[in-house]
Amino acid sequence: MSYKVLYLMEYPIDLPGGAQMSTQTLCGGLIGTEFEPVVACPALLHMHKEELPFRVVEFSSDENREDKRGKRIKNFIRRIGSFRRAIKAEKPDMIHIQMSESLITFGFLRCLGMFARIPFVYTDRSLYFGYRIHSITCIKAVLRHAARMICTTQFNKELWLENSHFDKIDVISNTISTAFSAYDADRRKQLREEAGLEESDFVIGFAGRISEEKDWPFVKELVESFCERDIRFKIALVISVYEEQDLAIVADLKNSISSMIGEENLIYMQDLSQAEIADYYYLVDVFVMSSMFESFGKAAVEAMSRRCAIVSTSVGGLTEVVHKKDNLYTKEKYYQCADRIEKLYHDKAELEFDKDYFYQRYQDHYTRDICLQKHVRLYKEVLL
């Protein structure tokens, strides 16, 4: 017997980002199991839904970061209707909600008594204290009806247990694409040669989408601090953009970094597929996380899979994911980041130790198969 699981999302599933890419990987992994995945999301950006191994139900949507309240409300109302139509048409055995706005949207329907017989699971990809008061109030109201909640770190689970009455919580990390499954040393050599890199070149990586939480202006301060150290380095930068306002931020960041290190020392790429970004990490020796807020840190785990050393801000779930104290720093003491990178630049044995350490951490905790097995077990507990 098979069971249909409907995933509800407020962003296109092909938009690079933790929730979208994790859901895409999870759904692909469920093919051939007793669970049939179907995704309801805004119209895809770069792909055709036929290219995906699971069904996608597209709906119309405006940008979610609209400045005007009226447009945000209009988009919310449209999404309520889209979710209602998708659920009525698909008749799922279970609903899995991947984002907070989607939970609130579905909650509007559920709190009115609709779809009460369909159990639902919510993955909280933020942190308990990362929500505004009105959002956390709505989330708690909807969770009263939830079968389970998934947190991506034990850190966030503890926050929920301390600050709410909801205790049906499992910990499952963001699901990493199969593009990151196998490390290939020859692939690293090939890609670095194609990028014009010598084996001796020391490459520092930054990657992520444009968002306030990623703190891209802070990256400029970090690069400036690197320039003040006894380090010869290149920067490999990957950014994902979704909305038109992102382009000005990208242009400013590229120009600022180029002016500090020279245009010839900046490798820039944009809007990469999962396979392309898996290749990108092969170029990198030390991957730096600059986030001021991070519930998990999927980019850090992706970099681990390619034997990158990780140096990260000690915020939210990143502290748990990175785990190694020597490689954590705070924004107030950002010089600690430059200290660690300078150490890794001059001490090749230490650099190799870090690369091995983080690769093993990925293998032990964050592979696609580990996350998939945990989801299947949870689904069976809910439905069987």
Side-chain angles (χ1 to χ4, degrees), residues 127 129-130 155 200-239 249-250 252-268 281 283-304 306-358 361:
L127 296 173
F129 55 67
F155 175 72
S200 59
D201 284 333
F202 186 74
V203 181
I204 300 170
F206 295 93
R209 68 185 186 279
I210 294 295
S211 69
E212 183 179 352
E213 293 83 0
K214 303 300 180 184
D215 204 356
W216 289 108
F218 180 47
V219 170
K220 294 185 286 186
E221 296 181 41
L222 287 176
V223 173
E224 185 176 10
S225 73
F226 303 159
C227 292
E228 296 169 354
R229 301 304 179 97
D230 180 22
I231 312 172
R232 297 186 64 183
F233 65 94
K234 297 178 183 289
I235 295 286
L237 175 65
V238 172
I239 294 181
I249 299 172
V250 171
D252 174 69
L253 185 61
K254 288 171 60 181
N255 291 336
S256 297
I257 293 176
S258 294
S259 67
M260 286 186 275
I261 67 174
E263 187 174 351
E264 70 280 4
N265 292 315
L266 173 63
I267 302 168
Y268 178 75
Y281 288 112
L283 305 180
V284 175
D285 293 295
V286 181
F287 185 73
V288 177
M289 296 288 287
S290 60
S291 307
M292 68 171 74
F293 176 90
E294 197 77 60
S295 58
F296 178 69
K298 182 171 175 282
V301 173
E302 292 173 347
M304 289 179 193
R306 292 299 176 256
R307 293 189 74 254
C308 299
I310 314 298
V311 179
S312 170
T313 43
S314 183
V315 294
L318 266 175
T319 303
E320 178 179 323
V321 170
V322 175
H323 192 257
K324 194 169 185 286
K325 291 183 179 180
D326 288 345
N327 293 53
L328 294 167
Y329 69 96
T330 63
K331 187 172 181 179
E332 293 73 25
K333 297 180 178 180
Y334 68 91
Y335 60 84
Q336 294 172 330
C337 176
D339 287 346
R340 185 59 182 165
I341 288 176
E342 188 174 27
K343 169 68 174 176
L344 295 174
Y345 175 78
H346 289 290
D347 190 336
K348 301 306 181 187
E350 183 81 0
L351 177 61
E352 288 303 310
F353 177 88
D354 267 15
K355 288 183 175 184
D356 289 340
Y357 172 87
F358 286 111
R361 185 160 180 77

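Note that the structure is a prediction, hence the values are computed from the model and not measured.
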Inter-residue atom distance S225.OG - Y335.OH, 0.5 Å rounding: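 Between S225 OG and Y335 OH, I get 12.0 Å after rounding to 0.5 Å.
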What are the two closest non-hydrogen atoms of [X] and [Y], and how far apart are they?
X: E342; Y: R229; result: OE1-NH1, 3.2 Å
X: N327; Y: I310; result: ND2-O, 2.8 Å
X: S312; Y: V322; result: CB-CG2, 3.8 Å

Run Y329 and T313 through side chain to side chain contact (heavy atoms under 4.5 Å, CB included) and show every step you take. CA-CA 5 Å; Y329 69 96; T313 43; 3.5 Å; yes
For F218 and Y334, run side chain to side chain contact (heavy atoms under 4.5 Å, CB included): C-alpha distance rounded to whole Å, both residues' side-chain angles, the deciding distance at 0.1 Å, then the answer. CA-CA 10 Å; F218 180 47; Y334 68 91; 3.6 Å; yes
Can you tell me which residue pairs pass the salt bridge (charged side-chain N to carboxylate O under 4.0 Å, His left out) test with a partner in residues 215-225, sequence neighbours excluded?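 As it turns out, the salt bridge (charged side-chain N to carboxylate O under 4.0 Å, His left out) pairs with a partner in residues 215-225, which skip direct neighbours, are D215-K331, K220-D252.
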Could you go through E350 and R340, starting from their C-alpha distance and side-chain angles, then the distance that decides it, and tell me whether this counts as side chain to side chain contact (heavy atoms under 4.5 Å, CB included)? CA-CA 10 Å; E350 183 81 0; R340 185 59 182 165; 2.8 Å; yes
One thing to verify: whether K343 and D354 come together as a salt bridge, which I'm taking to mean a side-chain N less than 4.0 angstrom from a carboxylate O.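 Between K343 and D354 there is no salt bridge, as every charged N stays at least 4.0 Å from the carboxylate O atoms.
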Sorted by first residue and then second, give each ring-ring contact (aromatic ring centres under 6.0 Å, His included) pair with at least one member in residues 337-357; sequence neighbours left out.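 Listed by first then second residue: F202-Y345.
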Test ring pair (Phe, Tyr, Trp, His ring centres under 6.0 Å) applied to [X] - qualifying residues, sequence neighbours left out:
X: F296; value: Y366
X: F293; value: none
X: F155; value: none

Pairs touching residues 287-304 that satisfy side chain to side chain donor-acceptor pair (under 3.5 Å), sequence neighbours left out: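 Output for this query lists K214-E294, Y281-E302, S291-E294, K298-E302.
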Passes side chain to side chain contact (heavy atoms under 4.5 Å, CB included), Y268 versus V250? Steps please. CA-CA 10 Å; Y268 178 75; V250 171; 3.1 Å; yes
